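Note sheet for the following structure.
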Amino acid sequence: MCCSVSSYIYIYMAKCNFMITLKKSYCFNSARFSYLHMKYMFFSWLAVFVGSWVVYVEYSSYSELCRGQACKNAICDKYRKGLIDGSACTSLCEKDTLYLGKCLSSKPNNQVYSGGWGDLEGVVKCQMEEVPRYDPGAEMEHRKEASPFNKPTKGTSVEKFKAIVLSHLKTKVGEQANLQDLVSLVLFVADYNKDGLISLPEARSMWALLQLNEFLLAVVLQDREHAPRLLGFCGDLYVMEKVPYAPLYGISLPWVVELWIPAGLRRSMDQWFTPSWPRKAKISIGLLELVEDVFHGTFGSFLMCDVSAADFGYNDRHDLKVMDARHIVPEATFQEAMRERRCNVDEDCLYGTDCRTSCDLTKHRCTPEVTRPNLAKACSSLKEYLLRGAPSDIQDELEKQLYACIALKGSAEQMEMEHSLILNNLKTLLWKKISHTKDS
C-alpha cells in the first residue's frame, strides 16, 4: 500500500514537472514567436516605406523631367497667336503628324523626346521657359528673356534682322572672315517655306533657336556626316534625325545594382555589348574627324566640354553621330564667360565635365585657355573602347599612340603641330587596319 502511494506521488510529481516544463516551453515559444513577428512586421513596414519613397522620388523626378505636353501646349499657343512659325508648326499643332513619344529628358528645362514625323523617326527637343533650379549645364546659354519670342520687334526690316544676327554670331563664335556666309546660312534655314522672304514669326523662331549652342552647331555642321540632320523647328522646339544606336557604349543598370558594382568591373561591363573591333575602329575615326570639324572649323572653333559615351551614337553604316551637343560650345563664348568667372581654386574654373581652365590667384578670375584640347578628351573616351579586342599586331602601337594623345596639354593653338601629328597618326593606323575589310 505504501509503495502504491509512493508510486502515485511520484507519478503526480512527474506530471507536475512535465506541466511546468511545458508551460515554460510555451512561454518561451510565445515570446520567440512574438519577437519574430515584431521583426517581420518591422522589416515589412520598412520595405513598404522605402518602396513608397522610391516610387515617390521616381514619380516626382519623372513629372519634373517629362513635361512634353506642357511644352507642346506653350509652343502651339504662340503659333496660333501668330508669334512664331516654322517647318514643324503645322504638323505639331494642326495635323498632329508630329508626335512626342518616349521621354528622354535629363534636365527639366530641356525637354527631349523620341518622336515620329510622318515616316521619319526623330528626336524632339523643346525648351521650357522657366528653369526650376540652378543649372550649371546651361551656363554658356544666354538666359531666357521674359518672353523668348519678343525679338525682333514688329517693323524690323530684313536688313536690320541680318545686322542683329551678325552681331549675335560675332559674340558667339568670334570675329570670322566668313561670318556673312554663316548669317546667310541661318537665314536660309529660317526661311522654311523657301519663298525668299523672312516673316516676323520665322525671324522670332530663329532668334530663339540661335540662343542654343546645340542648334547653332547643327547649322554649322549640317553638311558634315557626324552631325544629325536638322528636320524642322517651331519656335525653340526643333526636331533632329534619330541616331539608331546609342549610347556609343555602356549598359544601363538600376541605381540599386550600381551601388554594389566595383568601378573597375563597371568599366569592363560597359564594353561587353559593343560592335566588332573593325566597326569600333570606324566609329572611332568618326569621333576623330568630328574633333577636326570643330577645331578651326569653317565658322570658328568649338570646345567639346563633355566627351562621354552617352553624348554619341552611330548609324547602320557605323558612322559616328553626335547625340547631345549642348556641351559643344563656341570657344569665343567659353573664353568670355571664363574671364568673368570668379575663382579661388582651379576647380572653380570648370564647365561641363571636361572643359577646365586655371585660376589666376592674383585677380581671382579664371583664365580663358583650356588645359586640355578636344583631342586628348576624345582619346580618353576611346581608350578602353579601342584597346579591348584590338588586333595583336597593332595593340602595342595603338596603346602607345592613345596614351600620347591623352597626355596632350594646353590649348590646341599652343601645340597645333603636335596635335595634328597625333591625330593623323591615329587615323592612319586605324584606317590601314580596316581598309581591306567591308567595314571601311
Side-chain angles (χ1 to χ4, degrees), residues 65 104-112 123 125 127 131 133-142 172-173 211-218 220-221 224 226-228 240 243 245-252 263 266-267 270 283-284 286-295 297 300-314 320-338 341 346-357 366 368-386 405-406 408-409 411-412:
L65 286 175
L104 307 172
S105 308
S106 60
K107 300 281 185 182
N109 60 318
N110 186 256
Q111 298 291 296
V112 183
V123 176
K125 302 191 176 187
Q127 316 307 307
V131 181
R133 60 168 68 93
Y134 173 69
D135 178 10
E139 286 178 6
M140 296 297 159
E141 308 282 15
H142 287 283
K172 292 281 277 187
V173 302
Q211 314 309 309
L212 308 173
N213 292 325
E214 184 171 44
F215 183 85
L216 177 60
L217 190 71
V220 168
L221 298 180
R224 310 299 294 180
H226 305 304
M240 304 294 289
V243 178
Y245 303 101
L248 185 60
Y249 57 81
I251 56 175
S252 179
R266 186 67 182 90
R267 287 195 300 271
D270 282 339
I283 294 166
S284 300
L287 182 55
L288 297 176
E289 289 175 345
L290 176 67
V291 170
E292 285 185 295
D293 289 340
V294 299
F295 170 60
S301 296
F302 288 75
L303 295 174
M304 300 169 69
C305 294
D306 188 354
V307 193
S308 59
D311 293 335
F312 303 96
Y314 55 93
L320 179 107
K321 295 285 186 179
V322 179
M323 287 276 299
D324 186 348
R326 283 176 297 163
H327 288 103
I328 301 180
V329 299
E331 187 176 30
T333 304
F334 174 85
Q335 291 182 341
E336 183 61 31
M338 283 298 165
R341 184 182 289 192
D346 288 348
E347 284 68 24
D348 296 332
C349 303
L350 175 68
Y351 171 70
T353 59
D354 294 316
C355 283
R356 185 188 301 275
T357 71
C366 294
E369 297 295 336
V370 292
T371 56
R372 293 183 77 203
N374 292 335
L375 181 58
K377 293 175 280 192
C379 288
S380 294
S381 185
L382 290 175
K383 179 170 72 74
E384 293 189 30
Y385 183 68
L386 267 179
C405 176
I406 293 169
L408 287 170
K409 298 290 183 184
S411 66

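This chain uses plain numbering: 1 for the first residue, then up along the sequence. It should be emphasised that the depicted structure is a prediction, and the values quoted were computed from it without experimental measurement.
- Pro330 has its side chain within reach of Leu216: a pair of non-hydrogen atoms, C-beta onward, lies under 4.5 Å apart.
- Atoms OG and CG, from Ser380 and Leu408 in turn, are 9.5 Å apart once rounded to the nearest 0.5 Å.
- Across Val370 and Leu303, no two heavy atoms sit closer than the pair CG1-CD1, 3.7 Å.
- Of the possible polar contacts, none joining the Gln127 side chain to the Gln111 backbone as a donor-acceptor pair under 3.5 Å is found.
- Using a cutoff of 4.0 Å between basic side-chain nitrogens and carboxylate oxygens, Asp293 and Arg224 are scored as salt-bridged.
- Of the inter-residue distances, the one linking Leu375 atom CG with Leu288 atom CG reads 6.5 Å to the nearest 0.5 angstrom.
- Looking only at distances, no side-chain donor or acceptor of Arg372 sits under 3.5 Å from a matching main-chain atom of Asp354.
- Residues His226 and Phe312 fail the side-chain proximity criterion, which asks for heavy atoms closer than 4.5 Å.
- The two residues Pro247 and Ala310 come nearest to each other via the heavy atoms CB-CA, 3.7 Å.
- Side-chain contact check for Ile328 versus Asn213: every heavy-atom pair is 4.5 Å or farther apart.
- Residue His327 holds its NE2 atom at 13.0 Å from CE of Met304, rounded to the nearest 0.5 Å.
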Requested in this report: For the pair Met338 and Tyr351, evaluate side-chain contact (heavy atoms from CB on, under 4.5 Å) and give the outcome as yes or no after the intermediate values.
Outcome: CA-CA 9 Å; Met338 283 298 165; Tyr351 171 70; 3.9 Å; yes
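- What you find for Ser284 and Leu382 is that their closest heavy atoms are OG-CD2, 3.6 Å.
- The two residues Ser105 and Val112 have their closest heavy-atom pair at OG-N, 2.9 Å.
- If you take CD on Gln211 and NZ on Lys172, they are separated by 7.0 Å, rounding to the nearest 0.5 Å.
- The side-chain contact (heavy atoms from CB on, under 4.5 Å) test with Val322 is passed by exactly one of Val243, Leu290, Val294: Leu290.
- Nearest heavy-atom pair, Glu214 versus Met323, reported as atom, atom and distance to 0.1 Å: OE2-O, 3.8 Å.
- Across all their heavy atoms, Leu350 and Arg341 have their closest contact at O-NH1, 2.8 Å.
- Here Cys366 contributes atom SG and Gln335 contributes atom CD; the two are 12.5 Å apart, rounded to the nearest 0.5 Å.
- We find the SG-CG distance between Cys355 and Asn374 to be 7.0 Å, quoted to the nearest 0.5 Å.
- Distance alone, capped at 3.5 Å, places no donor-acceptor pair between the Ser301 side chain and the Phe295 backbone.
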